[in-house]
Amino acid sequence: MDTALDTTQKLFFDRTGLDENEVKALVADSLKGSDDGELYLEEKHSEMLVFDDGRMKSASYDNSTGFGLRAIAGEAHGYAHAGEISLDAIRRAAKTVETVTNGHSGTLDVAPSAGANRPLYTASNPLEATAFGDKVELLQEMDAYARQADSNVCQVSVSLGASWQAIRVIRPDGYQVADIRPLVRLGVSVVLEKDGRMESGSSGAGGRVMLDQWLDPSVWKAEVDEAIRVARVNLNSIPAPAGELEVVLGAGWPGVMLHEAVGHGLEGDFNRKGTSIFSGRVGEQVAARGVTVVDDGTMDDRRGSITIDDEGTPSARNVLIEDGILKGYMQDRQNARLMGVAPTGNGRRQSHAHVPMPRMTNTFMLNGEHSPEEILSTVKKGIYAVNFGGGQVDITSGKFVFSAAEAYMVENGKIGAPVKGATLIGNGPDAMGKITMIGDDLKLDNGIGTCGKAGQGVPVGVGQPTLKMGGITIGGTEAA
């Protein structure tokens, strides 16, 4: 028995006194006649510490345990969940989900192939591996360092979050699989004030790892230094121009634009329902030649990685767009079955209280052949967007709006003054078609992303190399 199965056996059966065979029989009976379904067991411990304005502002800890039982009949599904794991609670849930399968004679989908991916991260608990006092001391040291690093610092906020999640999926055919998922995130934001002007900067890092690496001063000081650097840049920024300009996107976190403007549109549910601008376009040119986009849940220690998805399907490296051609969509089990394709390991849920749906893991664009310097040297007049803040996209139309958190003017191939208030406005497929140069400097984000969809949040990763895009509308306050 592998470590995850052994750990969850102790959590959900040995500790509770539940009989595993009784539970398996109940799942099989309650999902009889369904097309698919599963019992999802979960235990999660999470902690969040926030140090703000020179003091501990909040310290919270949460421990949740529960299950979700789902039965699928065609496009319909029945779902019931509870915050306790007991035979009586599962029986009550079974009566609820059976209402969906009454009169339905489905053929149960086969279980995922035996043998999930190799473990992608440690099974250790980051909440227990580092003493609470050491965590508090880390935040205090980061706060003190930020305040002495620049005399213009007037506000500092530092946060440290960690969680440990154990899940087990039991299917009606008796197939079982489990996963143990650690997750940590360190964040720092600062506000600088100079000559009556205030600007902010932030930085963060995380992943499915332990906290010990951030106890090294050389590591956490680099995060503080980066937040201060961004704030200093913004203190010297000028109003952003407005109009249609060439845009160069930096490597790494700017891949969040790819995630929002393209990634969501490639999720199976939107495409099955025909509500995505990419619906029915597999095999078609949807981006410029050279553009290859991948969603990969199999990367070691990455924030968006999952050994298995929340339906028990092993995660995978899925090529979504290859050389500009749409190859396929990200799928959970239900939408894959209805579309006549295989699930891709992208069925994800926030917790046992939520139904799974197609979601991204680590989504990024692969390298091209140009150096960042070469790309910038070709820009006559444009914007170099190094980092992004918020953004939004309309899945149906593909229209997006993104605000740049750090950006610069570029004229005649030279990086100029930083600009403030630059907003990128466009259409996802249209923007992908306007990519004219792709860098050779692929970078993934530092492990800070959380994706929202239908009220559910899950950890994700993004990334890309430096990109040049022609003719993107910039919303600003000055004439271009």
Side-chain angles (χ1 to χ4, degrees), residues 1-34 36-47 60-72 77-101 108 111-112 114-116 119 121-129 162-183 306-313 347-356:
M1 181 175 289
D2 66 28
T3 300
L5 278 172
D6 187 43
T7 299
T8 55
Q9 183 75 23
K10 295 174 183 176
L11 288 175
F12 302 130
F13 294 106
D14 298 348
R15 190 178 65 184
T16 64
L18 275 178
D19 183 276
E20 181 181 353
N21 291 326
E22 280 189 288
V23 172
K24 289 167 65 177
L26 180 55
V27 173
D29 188 58
S30 63
L31 301 187
K32 191 178 299 180
S34 66
D36 206 353
E38 75 286 314
L39 175 67
Y40 176 87
L41 305 170
E42 178 194 39
E43 178 167 330
K44 185 174 183 180
H45 301 254
S46 57
E47 179 181 75
S60 61
Y61 172 82
D62 181 68
N63 176 18
S64 62
T65 303
F67 73 88
L69 180 65
R70 182 178 61 151
I72 295 173
H77 73 263
Y79 193 72
H81 62 89
E84 63 169 298
I85 297 178
S86 69
L87 207 58
D88 285 343
I90 298 173
R91 284 196 184 103
R92 291 192 294 269
K95 292 184 182 299
T96 298
V97 303
E98 285 170 359
T99 60
V100 172
T101 57
L108 191 69
Y121 27 78
T122 177
S124 300
N125 189 337
L127 281 71
E128 298 175 349
S163 67
W164 181 88
Q165 179 192 35
I167 70 163
R168 188 177 182 117
V169 177
I170 303 176
R171 289 182 44 78
D173 55 8
Y175 175 85
Q176 297 190 64
V177 67
D179 197 14
I180 306 296
R181 301 168 177 168
L183 189 67
I306 44 175
T307 300
I308 56 170
D309 72 6
D310 296 321
E311 300 175 308
T313 305
R348 305 188 66 189
R349 65 182 103 196
Q350 180 175 311
S351 75
H352 68 271
H354 300 82
V355 294

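Quantities reported herein were computed from a predicted structural model and do not represent experimental measurements.
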Main-chain N/O of A4 paired with T7 side-chain donor or acceptor, under 3.5 Å
no
Do the side-chain N and O atoms of H45 and Y61 include a donor-acceptor pair separated by under 3.5 angstrom?
yes
Just wondering, do T96 and Y79 contact through their side chains at under 4.5 Å, heavy atoms?
no
Between K24 and I170, is there a side-chain heavy-atom distance shorter than 4.5 Å?
yes
I would like to know whether D36 and R171 meet salt bridge (Lys or Arg N to Asp or Glu O under 4.0 Å); could you show each step before the answer?
CA-CA 8 Å; D36 206 353; R171 289 182 44 78; 2.6 Å; yes
Tightest non-hydrogen contact, residues E47 and L127, listed as CB-CD2, 3.8 Å
State, to 0.1 Å, how close P182 and S124 come at their nearest heavy-atom pair, and which atoms those are.
CB-O, 3.8 Å
From Q165 atom CD to S64 atom OG, the distance as rounded to the nearest 0.5 Å:
8.5 Å
Report yes or no: does R168 contribute a side-chain atom to a donor-acceptor pair with the main-chain N or O of L5 at less than 3.5 Å?
yes
pair K10-R15: side-chain heavy atoms closer than 4.5 Å
no
F12 and V23, any side-chain heavy atoms less than 4.5 Å apart:
no
So, for G37 and P172, which heavy atoms are closest and what is the spacing to 0.1 Å?
O-CD, 3.4 Å
I need the minimum non-hydrogen distance between Y175 and G312, along with the two atoms involved.
OH-O, 4.0 Å
Given the rule in the side-chain contact (heavy atoms from CB on, under 4.5 Å) test, do K32 and T101 qualify, once you have shown the distances and angles that lead to the verdict?
CA-CA 8 Å; K32 191 178 299 180; T101 57; over 6 Å; no
Could you grab the distance from atom CG of L18 to atom CG of L11, nearest 0.5 Å is fine?
12.0 Å
Nearest heavy atoms of H352 and G83, plus distance in Å
NE2-CA, 4.2 Å
Look up atom CG in D179 and atom OH in Y121, then write down how far apart they are to the nearest 0.5 Å.
3.5 Å
Any heavy-atom pair between the side chains of D14 and Q9 that's under 4.5 Å?
yes
Would you say I180 and T3 make side-chain contact, with heavy atoms under 4.5 Å?
no
Side-chain heavy-atom pair H81, E42 within 4.5 angstrom cut-off:
no
State, to 0.1 Å, how close L87 and E22 come at their nearest heavy-atom pair, and which atoms those are.
CD2-OE2, 3.6 Å
Value rounded to 0.5 Å, distance of CD in E311 from CD1 in I72:
6.5 Å
Of T313, V169, D309, T8, which meets side-chain contact (heavy atoms from CB on, under 4.5 Å) against V177?
V169
Going by heavy atoms in the side chains, are I167 and I308 under 4.5 Å from each other?
yes
How long is the gap from CG on L69 to CD1 on I90, to the nearest 0.5 Å?
7.5 Å
Just how far is it from atom OG of S30 to atom CZ of R70, taken to the nearest 0.5 Å?
13.0 Å
